[in-house]
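The structure under discussion appears below in the form of structure tokens.
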Amino acid sequence: EALSIAIDHVDKNYIFSVIDYLRSKNEVDAKSINPETWKRLVQEITTPSKDILKIADLGAGILFTLKLVLEGTDDKPSMKDIILQRGGLEYHAYESNIELYDGC
């Protein structure tokens, strides 16, 4: 924005949306997670256990982590079946930016 102002190129109709920004950012984030790291995480939670998987998502944004865990991506498998085998998921999301609530 500062650069746009400096070169006098400001679109008066532009309205920044933190929700649209996070949706775009999450696409990049999904691709940037190392597949080997994801595979290791899956291995760790696959260890036989009767414990419910518990996730605390601090700065949850628009719940991208929850979507990633349940749906996966092209090269990162979903953890849904593992979660069901463990008896479920206890997911606590905390987001302090109330502007993001509608994006969830």
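Everything quoted here is computed from the prediction, not taken from an experiment. When reading the values below, keep in mind they use all heavy atoms of this one structure, side chains included, and skip hydrogens, waters and symmetry mates.
Remark: Lys67 NZ to Ser78 OG distance equals 12.0 Å, nearest 0.5 Å.
In this structure, Lys76 and Lys31 approach most closely via the heavy-atom pair NZ-O, 4.2 Å. Taking each heavy atom of Gly61 and Cys104 in turn, the nearest pair found is O-SG, 3.6 Å. When all heavy atoms are compared, the tightest approach of Tyr91 to Thr65 is OH-CB, 4.0 Å. The two residues Arg86 and Leu53 come nearest to each other via the heavy atoms NE-N, 4.1 Å. Summarising the geometry of Asn97 relative to Glu95, their closest heavy-atom pair is N-OE2, 3.0 Å, with the distance given to 0.1 Å.
Side-chain contact annotation: Tyr94 with Asp57, donor-acceptor N/O pair under 3.5 Å absent. Side-chain polar atoms of Thr73 and Asp75 form a donor-acceptor pair below 3.5 angstrom.
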If you look only at distance, which donor and acceptor atoms sit under 3.5 Å apart when one is on a side chain in residues 13-22 and the other is two or more places apart or in another chain?
{"residue": "Ser17", "atom": "OG", "partner": "Ile19", "partner atom": "N", "Å": "3.4"}
{"residue": "Ser17", "atom": "OG", "partner": "Asp20", "partner atom": "N", "Å": "3.1"}

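When the side-chain contact (heavy atoms from CB on, under 4.5 Å) test is applied to Thr46, the partners found at least two apart in sequence or on another chain are Val42, Ile82. For Lys39, the side-chain contact (heavy atoms from CB on, under 4.5 Å) partners two or more places apart in sequence, or in a different chain, are Glu36, Gln43.
With hydrogens and angles ignored, the 3.5 Å screen pairs a side-chain donor or acceptor of Trp38 with a backbone N or O of Pro77.
Around the CG atom of Asn34, the shell of radius 6.0 Å holds more than 12 heavy atoms that belong to other residues, nucleotides or ligands.
Cluster membership check: Phe64 shares its hydrophobic cluster with Leu41, using side-chain heavy-atom separations under 4.5 Å among Ile, Leu, Val, Met, Phe, Trp and Tyr. Connection of Leu89 to Leu68 is established within a shared hydrophobic cluster, with ILVMFWY side chains joined at heavy-atom distances below 4.5 Å, either directly or through further cluster members. Under the 4.5 Å side-chain heavy-atom criterion for ILVMFWY residues, no single connected hydrophobic cluster contains both Val69 and Ile52. Linking Ile, Leu, Val, Met, Phe, Trp and Tyr residues whenever their side-chain heavy atoms come within less than 4.5 Å places Ile45 and Leu70 in a single cluster. Clustering ILVMFWY residues whenever any of their side-chain heavy atoms sit less than 4.5 angstrom apart, transitively, puts Leu63 in the very cluster that holds Met79.
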Side chain to side chain contact (heavy atoms under 4.5 Å, CB included) between His92 and Glu90: does it pass, once the steps are laid out?
-> CA-CA 7 Å; His92 298 271; Glu90 186 177 305; 3.0 Å; yes
